[in-house]
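See below for the structure under consideration.
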Amino acid sequence: MGTIQALRGTRDILPEEVPYWQQVETVAKEILTQAAYNEIRPPMLEQTALFERGIGEATDVVSKEMYTFYDRAERRCTLRPEGTAGVVRSYIEHGLHSQGVQRLWYTGPMFRYERPQAGRQRQFHQIGVELIGSGSPLADVETIALATDILETLGLKHLSLELNSVGSAEDRQQYRTALMEYLTPYKDDLDADSRDRLTRNPLRILDSKDEQTQAILQDAPRLLDYLGPDSQRHFEQVQQQLTTLGIDYTLNPTLVRGLDYYTHTAFEIQSADLGAQATVCGGGRYDGLVAQLGGQETPAMGWAIGMERLILLLQKLKATPQPRLDFYMVSGGERAPTQALKLAQQLRHQGFRVELDVSGSRFQKQFKRADRHGAIACLILGDTEADQGTVNLKWMATQQQSVWQQSELLAQAEYLHQQILQATSN
Ligand code: ATP
Ligand code: MG
């Protein structure tokens, strides 16, 4: 019988990689908590209509990337392709607006049916924030600063912040018309995707990678020229405040994000070290979404970091911070293994990391394993020790051994912690 493998576009995050994920989660949680953001955990499964209405039917995500199916009661369900729509649904459903401005963050898997490649999967993970209830440029800059803070604290280099404004819904409507008028005569010269987008979602043509399409776009009307005075002022303030915080940015007038609900500020943080999938973080303002999903008119701002891409960068940067193994518990005989089990448990309660050998193999084999697992010391128990309530302590680096009363070992936890620290700093 053949073996069963993980689905295409999904992958196992194996134990040796997990410490990177934990490091990212720890840093993000700390920085977001300091800025008074609270974690929210919406379900991964939502009604399909949420994304159709929230993200927009003309977007790539909704038109071709969603995992949608009927459940047993014929409900149309979708595995979330992104986090914002679900957070906003939850915000409306629970009347969170009555508690003032909401600063929320989330993390977890997202699902998109895409062509898998490095940094692009069908199940991938994001950490994201949503600041709901403020239209101030301060909100834009606070959230952007949090993203750069997280990435810099993790030690990432060669990042660039690309910034644009896509204006208000009205600005965009006018621009859309102008762009369509400009592009229509060139229709046959556009790449197939762009031709398809011309009537459905013309703004997305701006970030086509096709050379001929880009050449045509050279003389196209510019989105920035269509910003109304309020949009312009908002955009200028965002830039001033970024400068005040010492955050460098590059204006990118062709930056338009894939989801329909964005207004005003749009940004991406890209890495020069990621090849084709360069965007680590994407986000922007989405003043229309809450109302679009049935809530009151509410401005909002958010972003999402792609975890897989971030982890790829971290892996290039440094070795995995594997957790240290303090004691490897070696035992053999009739009575000793049970005592070893108990002693291991007691030492764990004292804050040590202890691995218990459960193989039943000969001492020599157990020692070899202790070495391979990088233990700092071995604790050795045979029936003689068990009967006397003692244990043999052997430091791996020096091979030094000493016999201890088990009770004394537990009483000297502080001393042992210090010895272990010394052994690791050598
Ligand atoms: P891209 O242009 O790379 O497809 P996107 O605009 O579709 O990105 P967003 O919806 O803005 O992406 O999601 C935010 C971030 O989530 C992206 O910048 C990226 O880091 C990550 N991301 C998006 N789709 C995937 C995927 N299929 N696999 C891995 N990471 C992804
Ligand atoms: Mg995409």
Side-chain angles (χ1 to χ4, degrees), residues 6-11 13 17 20-21 24 28 51 54-56 58-67 78-88 105-130 143-144 146-148 150-151 154 156 159-164 166 193 197 201 203-210 252 254-263 265-286 289 300-315:
L7 277 170
R8 183 168 149 79
T10 72
R11 60 186 278 277
I13 302 161
E17 190 185 319
Y20 287 107
W21 289 75
V24 171
F51 304 112
I55 301 175
T59 59
D60 285 354
V61 172
V62 173
S63 63
K64 44 187 184 208
E65 295 174 359
M66 293 208 302
Y67 277 89
T78 296
L79 284 171
R80 66 179 180 196
E82 54 96 56
T84 304
V87 171
V88 168
W105 69 274
Y106 61 84
T107 183
M110 308 292 160
F111 305 84
R112 295 184 195 178
Y113 199 82
E114 301 195 71
R115 197 168 67 78
Q117 49 202 292
R120 188 176 296 286
Q121 293 172 211
R122 292 182 175 170
Q123 175 176 335
F124 62 100
H125 300 75
Q126 291 182 334
I127 284 192
V129 310
E130 317 292 353
T143 51
I144 294 174
L146 285 169
T148 56
I150 291 171
L151 299 175
L154 287 166
L156 298 195
L159 299 173
S160 71
L161 169 61
E162 308 269 313
L163 188 70
N164 193 20
V166 297
D193 265 351
R197 285 170 174 156
N201 199 358
L203 262 64
R204 284 294 275 166
I205 297 176
L206 294 182
D207 67 3
S208 162
K209 304 280 181 291
D210 184 78
N252 178 351
T254 64
L255 177 78
V256 283
R257 313 247 333 114
L259 318 182
D260 262 0
Y261 51 61
Y262 285 104
T263 53
T265 309
F267 79 95
E268 286 187 355
I269 299 175
Q270 301 182 348
S271 164
D273 305 330
L274 269 180
Q277 267 57 249
T279 307
V280 194
C281 175
R285 183 160 274 292
Y286 51 94
L289 182 62
M301 170 80 196
W303 52 251
I305 288 176
M307 290 282 279
E308 276 75 8
R309 294 181 197 177
L310 178 50
I311 304 285
L312 282 174
L313 289 173
L314 279 180
Q315 282 173 324

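Each ligand, and each atom within it, is numbered from 1 in the order the structure gives. Please read all numbers here as calculations on a predicted model, not as lab measurements. For this chain, numbers begin at 1 and follow the sequence in order.
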Exercise. Which part of V61 is near ligand 1, with near meaning a heavy atom under 4.0 Å away: side chain, backbone, both or neither?
Worked result: neither
Problem set entry | Given H125, R120, Q123, the one that forms side chain to side chain donor-acceptor pair (under 3.5 Å) with E308 | H125
Seminar exercise, completed: With heavy atoms and a 4.0 Å threshold, my read on which part of E114 contacts ligand 1 is side chain
Exercise. Backbone or side chain, does any N or O of E268 fall under 3.5 Å from an N or O of ligand 1?
Worked result: no
Exercise. If hydrogens are left out, which of H125, Q270, R112, Q121 has an atom nearest to atom 12 (O) of ligand 1, that is, the closest non-hydrogen atom?
Worked result: R112
Problem set entry | Option whose closest heavy atom lies nearest to atom 2 (O) of ligand 1, chosen from M110, R120, E82 | R120
Exercise. N/O to N/O below 3.5 Å, does that happen between Q126 and ligand 1?
Worked result: yes
For this session: To the nearest 0.5 Å, tell me how far M301 CE sits from T143 OG1.
Result: 3.5 Å
Exercise. Is there a side chain to side chain contact (heavy atoms under 4.5 Å, CB included) between D193 and D210 once you walk through the steps?
Worked result: CA-CA 9 Å; D193 265 351; D210 184 78; over 6 Å; no
Exercise. If you count the non-hydrogen atoms of other residues, nucleotides and ligands that lie under 6.0 Å from OH in Y113, is the total more than 12?
Worked result: no
Problem set entry | Approximate separation, where rounding is to 0.5 Å, of E114 CD and D60 CG | 8.5 Å
Exercise. Counting each atom of ligand 1 from 1 as listed, which ones have a heavy atom of A304 under 4.0 Å away?
Worked result: 14 (C), 15 (C)
For this session: Please test Q126 against R80 for side chain to side chain contact (heavy atoms under 4.5 Å, CB included), starting from the C-alpha separation and ending with a verdict.
Result: CA-CA 11 Å; Q126 291 182 334; R80 66 179 180 196; over 6 Å; no
